[in-house]
Chemist: 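This is the structure, below, for whatever I ask next.
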2 protein chains.
Amino acid sequence: MRSTEAGNGRQGAGGPGNRVTIAEVAERAGVSTATVSRVLSGRGQTSAEMQRRVRRAADELGYRVNSIARALRNSRTDTVGMVVPSITNPFFTSLVESVEHALGREGKELFLCDAQSDPEVEARRLASLVARNVDGIIVSPSHGTASGAAVQETADRLPLVQLDRFVGGTDTDWVGVDDIAAMRQVIDHLHDGGARSAAFVGSQLTNSSTEQRLAGFRRRAAERDLTVLEDWVLLGDYTVEFGEAAVARLARMDALPDAIVCADDLIALGVTRACRAHGIDVPGRVQVTGFDNIEFARLGEPALTTVDQPRDRIATEAVRLLAAAASAAADGGERGPCAHIALIPSLVVRDSTRAPAPRERPTDH
Amino acid sequence: MRSTEAGNGRQGAGGPGNRVTIAEVAERAGVSTATVSRVLSGRGQTSAEMQRRVRRAADELGYRVNSIARALRNSRTDTVGMVVPSITNPFFTSLVESVEHALGREGKELFLCDAQSDPEVEARRLASLVARNVDGIIVSPSHGTASGAAVQETADRLPLVQLDRFVGGTDTDWVGVDDIAAMRQVIDHLHDGGARSAAFVGSQLTNSSTEQRLAGFRRRAAERDLTVLEDWVLLGDYTVEFGEAAVARLARMDALPDAIVCADDLIALGVTRACRAHGIDVPGRVQVTGFDNIEFARLGEPALTTVDQPRDRIATEAVRLLAAAASAAADGGERGPCAHIALIPSLVVRDSTRAPAPRERPTDH
DNA sequence: CTGAAAGCGCTAACAA
DNA sequence: TTGTTAGCGCTTTCAG
């Protein structure tokens with residue numbers, strides 16, 4: 001009998017249904033299960049001799065901890081659940097990547113779920129994460145109101161932080177970007193490039209991102225005296241297709257705006273594509289901006305000017321908040337007030353907008 | 001005391017650490033825990049009266065099953081694990097979406113992990129899925145050889161099916177597409193469009209997809225007398241950046257091929273973009289093809305001709321195989337021979353290739 | 001049809 | 001330092 005397990009594809013210890021338990025390891029090592037547990041989980045004091053014997057026995061038997069049993073005992077799974085509105089949206093997958101990295105640093109794993117942009121699916125996913133005793137939940141709610149009940153109910157049971165989007169009427173931690181500030185940068189940049197009127201293309205106002213971005217857009221446009229016709233505010237969903245449809249509609253109107261501000265990059269990609277199809281020069285005739293800075297943003301023709309979300313920072317803060325909430329809950333406490341962290345994003349200027357018209361500046365003396 | 005839970009954000013039953021157990025429900029209902037279990041899990045016979053009383057008590061207390069405990073008892077979690085090489089690759093996310101749908105029909109959930117294109121991370125993810133007692137694993141191995149040990153070791157412990165890619169030297173079920181047949185279609189189409197020479201741009205030969213696709217490319221190119229200079233086979237990785245770099249290299253050579261066949265759409269997107277940058281007309285001077293038919297394929301300039309993978313079908317077959325393996329393992333059996341299912345993909349013709357030159361055809365009489 | 005009780009695999013008091 | 005033992009919350013024989 002050899003101590004190595006891999007290789008020939010069907011060996012003794014393998015095969016489903018006969019997993020080695022701590023008791024078998026204990027027997028083989030001639031010690032108690034408690035000692036095995038202490039050695040293998042690294043808690044408590046053990047002699048070097050015991051360590052050797054236990055590890056050896058465990059290796060020989062091919063022992064693997066059963067984290068289900070461990071979780072039942074510890075009521076802690078070292079697993080965090082994450083729910084995103086749509087796993088096919090590149091922004092969310094890159095956010096997931098950042099969260100995974102942040103969690104990895106804490107020795108935790110991620111259990112990712114896709115809400116398929118449907119609050120009901122989302123509610124089921126949240127419930128099943130709760131049932132599986134994840135240590136905390138990170139959620140980007142798919143709907144600005146309909147997601148409320150499920151999110152709040154989940155937050156009442158375990159640490160939860162909302163990411164990027166948030167849902168009204170809930171009382172939980174949140175980390176995201178300051179959409180108002182982002183739109184200020186966008187509008188100012190467009191204005192510097194000569195735009196005096198602008199359209200807005202976003203999703204329906206069923207999530208906080210669009211709401212905030214539209215609000216920010218309106219406010220700053222007014223401040224900079226940009227013309228915004230009501231017909232130029234087009235709301236659909238976060239897809240390339242809708243971006244294309246929006247341009248088709250704009251093209252049928254009497255006047256074209258100087259700029260089209262999009263609530264995310266997918267829409268913006270659709271917009272630039274459709275502009276090309278309609279023979280509308282970007283940025284010559286119309287400037288276009290996106291939001292999120294997904295990987296494909298630079299692939300648009302022309303490459304998209306967009307708002308870069310500080311994903312790593314967002315993820316780090318979220319994980320930190322989760323850990324704080326978990327330890328607060330552990331030593332008994334009432335949950336304190338919720339944190340709302342709004343990070344300031346930065347504008348990434350590419351070819352879909354015009355370079356700012358040169359303005360008089362004080363020269364270096 | 002009310003029976004509703006949601007609403008004010010901090011109510012009695014809520015808060016971490018005090019979950020309702022089946023024993024409390026039993027007490028309130030004035031029955032045994034066994035009866036509660038029978039009612040709530042729907043197994044075994046129970047009178048209507050009991051059902052009512054138990055459910056009522058459960059509702060009032062806000063009981064939720066603890067699936068950790070249930071899993072420990074049942075040694076079944078109704079959860080399937082999935083590991084993909086890179087969660088930021090749109091092909092894999094859409095595959096994940098298909099798998100989720102297929103699993104949803106079986107009442108199972110998905111636990112998704114990202115291997116970050118690193119066999120070591122992949123091995124850790126696999127191990128932790130095993131430790132968490134998932135009922136089965138779906139994996140697209142990140143490396144054609146280095147992933148072998150971990151994949152095989154996992155497969156020895158529980159039902160596992162490889163998806164899309166597979167790793168050499170393993171003995172597990174596999175579902176994917178017939179890359180050789182796919183390349184036959186690609187080459188024939190390019191030839192019909194007048195191409196007489198072709199380059200190939202793919203990742204390093206560290207995964208089965210590229211290996212197979214290059215092999216299929218070479219074979220069919222030879223059969224159709226397409227010229228393939230050795231310098232025209234460029235291997236890097238599955239990224240837009242590499243596609244761009246490949247064109248830069250090709251552009252420095254003496255002769256340009258009539259066509260560039262890419263091993264996936266990300267590369268192809270990079271290739272078309274770089275061609276534009278280098279002033280190489282697509283498809284006028286060079287035809288370009290991709291592979292996978294990701295959503296962004298149609299957004300290239302020009303839109304990409306590519307090979308469409310039948311994701312839903314792949315996912316369905318994978319889930320079926322997993323279920324079969326699970327039930328085979330349940331009634332004790334040795335695992336039977338492995339299934340290798342290669343589906344035939346279809347070519348999606350768009351603007352990055354030329355329409356076939358009109359050929360003589362028998363006219364309808 | 002219902003209840004009592006054993007135990008899934010692991011860990012943490014408490015004893016020795 | 002090590003062993004003994006009592007559960008974590010659930011399901012499921014086996015009696016009644």
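Residue numbers start from 1 in every chain, and the chains themselves are labelled A, B, ... in the order their sequence lines are given, proteins ahead of strands. FYI, side chains are in, hydrogens and waters are out, and symmetry mates aren't considered; it's all heavy atoms of this structure.
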Chemist: Nearest-Å distance, CD1 (I68(A)) to C1' (dT11(C))?
Modeler: 16 Å
Chemist: Does the distance from a Lys or Arg side-chain N to an Asp or Glu carboxylate O, for E317(B) and R320(B), drop under 4.0 Å?
Modeler: yes
Chemist: Does atom CD of E27(A) have more than 12 heavy-atom neighbours, drawn from other residues, nucleotides or ligands, at distances under 6.0 Å?
Modeler: no
Chemist: Where does the angle between the aromatic ring planes of F111(B) and F111(A) fall among parallel (under 30°), tilted (30 to 60°) and perpendicular (over 60°)?
Modeler: parallel
Chemist: In plain terms, say whether E24(A) and R28(A) are close enough for a salt bridge, that is, a side-chain N and a carboxylate O under 4.0 Å apart.
Modeler: no
Chemist: May I ask you to say what T46(A) touches in the nucleic acid, namely base, sugar-phosphate or nothing, with a heavy-atom cut-off under 4.0 Å?
Modeler: sugar-phosphate
Chemist: How about CD on E120(A), more than 12 heavy atoms from neighbouring residues, nucleotides or ligands closer than 6.0 Å, or not?
Modeler: no
Chemist: So H340(B) and W174(B), would you call those rings parallel, tilted or perpendicular, with 30° and 60° as cut-offs?
Modeler: perpendicular
Chemist: Rounding to 10 degrees, work out the angle separating the end axes of the helix from dC1(C)-dG16(D) to dA16(C)-dT1(D) (five pairs an end).
Modeler: 40°
Chemist: Pairing donors with acceptors under 3.5 angstrom, does anything connect the side chains of T79(A) and R132(B)?
Modeler: yes
Chemist: Using a 4.0 Å heavy-atom cut-off to protein, can you give one letter per nucleotide of nucleotides 8-16 of chain D, 5' to 3': B if the base is in contact, S if only the sugar-phosphate is, - if neither?
Modeler: BBBBBB---
Chemist: Can you tell me the distance, in whole Å, between the CD atom of Q51(B) and the P atom of dC1(C)?
Modeler: 10 Å
Chemist: Would Q51(B) and T46(B) count as having a side-chain donor-acceptor pair, cut-off 3.5 Å?
Modeler: yes
